Amino acid sequence: MLTLDTDITKINRIGATTAKRLYSLGIKTARDLLLYFPYRYEDFRAPAPIGGLSAGQSANVVGQIEHIHGRRSFRRRLSVTEAIVNDGTDSLRVIWFNQPFIARSLAVGDRVSLAGKIEGDYGGFMMKSPVYEKITAGGGLHTQGLVPDYHLTFGLTQKQIRFLVKEVIDLADKFPDYLPPEIVRGQNLLTLDKTIKKIHFPDDLNDIELAKKRLAWDELFLVQARSQLTRRELMLTRAKAVKFREKDTKTFVDSLPFRLTDDQKKAAWAILNDMEKTEPMARLLEGDVGSGKTLVAVIAMLNAALNKKQSVLMVPTEILAHQHFAVISRLLSAMKISVGLITRSKKAIFPEQTDKKINSSFIIQNSKIIIGTHSLIQEKIEFNDLSLVIIDEQHRFGVDQRRMLMQKTSSRSATENRQSKIENLPHLLSMTATPIPRSLALALFGDLNLSVIREMPKGRKPITTKVVPEEKREAAYKFIRDQVKEGRQVFVICPLIDPSDKLGVKSVKEEFEKLDKTIFPDLPVGLLHGRLKPKEKEKIMADFLDKKTKILVSTSVVEVGVDVPNATIMMIEGADRFGLAQLHQFRGRVGRGENQSYCFLFAESRALRTAQRLSAMEKYSSGFDLAKVDLKFRGPGEIYGTVQKGFPEFRIASLFDHELIEKTSQAAAALIKKDPELKEYPELKEKLGEYEKRVHLE
Ligand code: ADP
Ligand code: MG
């Protein structure tokens with residue numbers, strides 16, 4: 001007996017190899033299979049009469065086999081199956097390559113349904129390697145009606161997935177519908193069982209529409225219900241007030257070599273205002289790459305320190321932690337505030353205390369500001385009157401890492417304390433360059449307050465971006481050489497090529513060899529990748545910052561945060577392998593100083609789509625505009641799911657559907673107001689629990 005929890009290996013016709021392939025798509029049980037939705041449908045609802053075909057058209061043809069035979073073509077080392085199919089209006093030639101079994105499974109007289117592209121042929125029209133099905137009483141699964149297409153992985157076929165989904169589709173009836181029935185009815189939504197059936201095997205376009213409406217509703221509703229519950233919990237807790245030290249803050253701001261932008265001021269003010277309260281702050285600071293979020297964080301940490309309280313700043317990479325430590329120590333040196341660094345490879349404190357053993361506990365005892373990587377979570381660390389937690393590049397942290405940091409620094413997420421007031425929580429500030437429009441962020445992260453830095457620091461010159469065709473590569477190298485002669489520096493980013501080589505070491509090494517030995521033998525070239533020891537990485541970054549190396553060849557490890565104002569060229573190989581959001585992050589590594597900066601993109605694929613997608617980089621300089629383009633080309637799940645780990649993953653809902661966001665937000669608020677404990681909705685409560693495991697907590 002099949003159930004939703006049945007392991008896929010128990011399903012008809014799934015062997016070990018197929019199971020492994022399905023696992024790689026995240027499909028382990030019958031339930032997963034049902035929730036593996038198609039991404040599009042092929043429309044084969046009306047078979048086309050053979051007599052009326054035209055070349056280039058995609059068509060479904062239904063007819064009788066008049067002739068079929070298989071042969072080997074020795075010259076081309078192929079097996080060829082040829083058939084003639086007639087539907088009464090005309091006959092059509094059909095050819096399959098390397099599928100010799102077809103000649104055995106189809107016979108003259110069979111009625112078949114074929115789907116594929118029509119090509120012109122000297123004697124008329126033909127179809128090459130169409131998808132085929134023998135017509136039986138039940139109708140076609142692969143060639144007729146609206147046929148679902150699924151994202152595949154190597155070795156799996158559409159036919160296999162369709163067949164397997166069909167095997168388990170009746171289990172959809174067993175899905176508990178977690179959405180309150182009054183919402184389902186009130187909003188005219190499909191029930192969940194029907195939704196699942198229709199999304200896989202719709203009868204018509206309307207079915208698809210209805211199923212998508214319900215699924216989009218669910219995605220948005222669940223995220224919002226979750227964040228509104230979190231907000232309720234937060235309101236029951238307490239934090240220590242941190243006073244705004246206006247005079248010292250002003251002294252600090254006046255000491256900077258530049259003036260704060262208005263948006264930086266506003267963000268800092270909102271944060272300081274939050275921290276003066278005894279409700280714990282939960283704020284998201286959003287600002288495009290290079291907009292100066294670090295400084296806002298520093299102002300907040302400075303105020304905590306002036307109140308004799310501790311702050312931690314957690315960042316996603318060692319390189320970035322070291323850099324923040326250097327920059328922030330320098331910025332605060334006149335204010336006599338001790339800053340500590342805790343990463344796996346390096347522990348340090350500023351001002352330096354050379355006579356002491358600098359270990360983590362010494363650092364915690366003796367510094368007001370602590371900067372670190374996830375080492376902060378992994379090591380046994382007890383913080384010291386912690387009043388502020390800042391997570392930089394929050395989208396780079398997995399849910400679990402962020403959860404652990406919060407648990408470590410507070411009992412904010414401890415479920416046992418839900419009811420009681422929790423004292424002494426640290427204030428929380430998350431920072432991200434992910435471009436989420438305000439209305440959307442407010443609806444989706446109802447538990448967070450939002451500050452946005454829109455304005456870039458004055459005097460930034462827009463970065464000149466060019467997609468460079470292969471024939472102009474030499475010219476690009478010459479340009480790089482000229483820039484280096486003028487004292488500038490260059491990043492060269494290489495993509496991951498071989499999937500087994502997770503850190504992309506192979507391609508980056510090859511590129512390094514080429515540039516170092518052949519192209520720029522006279523210039524110092526550095527190599528940076530994730531498999532180096534932390535000490536080595538640090539040395540390489542330091543050499544680049546000190547201008548000892550001029551060209552730095554790197555994997556995506558430099559993607560986040562790194563600030564080298566003298567670097568003016570960002571050259572990206574295999575740019576088509578990256579999402580636009582990520583390319584924008586890379587590009588943000590240059591254009592930080594006063595010199596004109598450039599971003600050169602080299603693509604491997606010459607496809608039109610690639611060219612169109614990459615040309616968006618030439619056209620747009622804001623992360624938000626690029627995110628919109630990326631959405632168009634890739635779909636929201638890909639951008640926000642994989643690229644931005646921390647963002648809720650929407651497979652169906654559009655992040656730009658303001659009306660639906662508004663509706664679901666209201667429905668969630670009404671429900672939680674009516675029944676904050678969700679006593680009447682156990683299925684929903686369970687579903688949200690599952691959600692809590694997956695989605696952000698802050
Ligand atoms: P991000 O928001 O990407 O974290 P950073 O905080 O790293 O950006 O800032 C980028 C660069 O801009 C840094 O070199 C920083 O010193 C500089 N910067 C920050 N604020 C200003 C400002 N108001 N005017 C000029 N430069 C600024
Ligand atoms: Mg930053």
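For ligands, and for the atoms within them, numbers begin at 1 and follow the listed sequence. Throughout, residue positions are numbered sequentially from 1 according to the sequence presented. Since the model is a prediction, treat every value here as computed from it, not as a measurement. Any value given below was found using the heavy atoms of this structure, including those in side chains, with hydrogens, waters and symmetry copies removed.
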For Thr294, the atoms of ligand 1 under 4.0 Å from one of its heavy atoms are 4 (O), 5 (P), 6 (O), 7 (O)
Please work out whether any backbone atom (N, CA, C, O) or any side-chain heavy atom from C-beta onward of Arg592 is under 4.0 Å from ligand 1, and answer side chain, backbone, both or neither.
side chain
Using modelled atom types and a 3.5 Å cut-off, is there a donor and acceptor pairing between side-chain atoms of Lys548 and backbone atoms of Phe544?
no
Test your reading of the model: is there a side-chain donor-acceptor pair from Arg587 to the backbone of Thr465, 3.5 Å cut-off?
no
Selected option - heavy-atom contact closest to atom 12 (O) of ligand 1, from Arg460, Met456, Gln585, Glu455:
Arg460
Look only at interatomic distance and state if Glu393 has a nitrogen or oxygen under 3.5 Å from any nitrogen or oxygen of ligand 1.
no
What do you reckon, does Leu295 have a nitrogen or oxygen under 3.5 Å from a nitrogen or oxygen of ligand 1?
no
Is there a heavy atom in Gly290 that sits closer than 4.0 Å to ligand 1?
yes
Only one of Val389, Ile377, Ile371 forms a side chain to side chain contact (heavy atoms under 4.5 Å, CB included) with Met314, so which one is it?
Ile377
Within a distance under 4.0 Å of any heavy atom of Val289, pick out the atoms of ligand 1 and give their elements.
3 (O)
So, does Ser291 sit close enough to ligand 1 that a heavy atom of it is under 4.0 Å from the ligand?
yes
Geometric N/O contact Gly292 with ligand 1, under 3.5 angstrom:
yes
Partner of Asp385 under side chain to side chain donor-acceptor pair (under 3.5 Å), chosen from Lys368, Lys240, Gln310:
Lys240
Element-labelled atoms of ligand 1 that are located less than 4.0 Å from some non-hydrogen atom of Arg259
22 (C), 23 (N), 24 (N)
Taking only non-hydrogen atoms of Leu260 and a 4.0 Å limit, the atoms of ligand 1 in range are 23 (N)
Are the side chain of Asp263 and the backbone N or O of Glu455 linked by a donor-acceptor pair below 3.5 Å?
yes
Could you tell me, atom by atom, which parts of ligand 1 come under 4.0 Å of a heavy atom of Thr261?
23 (N)
Considering all heavy atoms, the nearest Leu285-Ile453 contact
CD1-CG1, 3.8 Å
Considering all heavy atoms of both residues, which atom of Val242 and which atom of Ser387 are nearest to each other, and what is their separation?
CG2-OG, 3.9 Å
Quick one: does Gln264's side chain have a donor or acceptor within less than 3.5 Å of a partner on Gly292's backbone?
yes
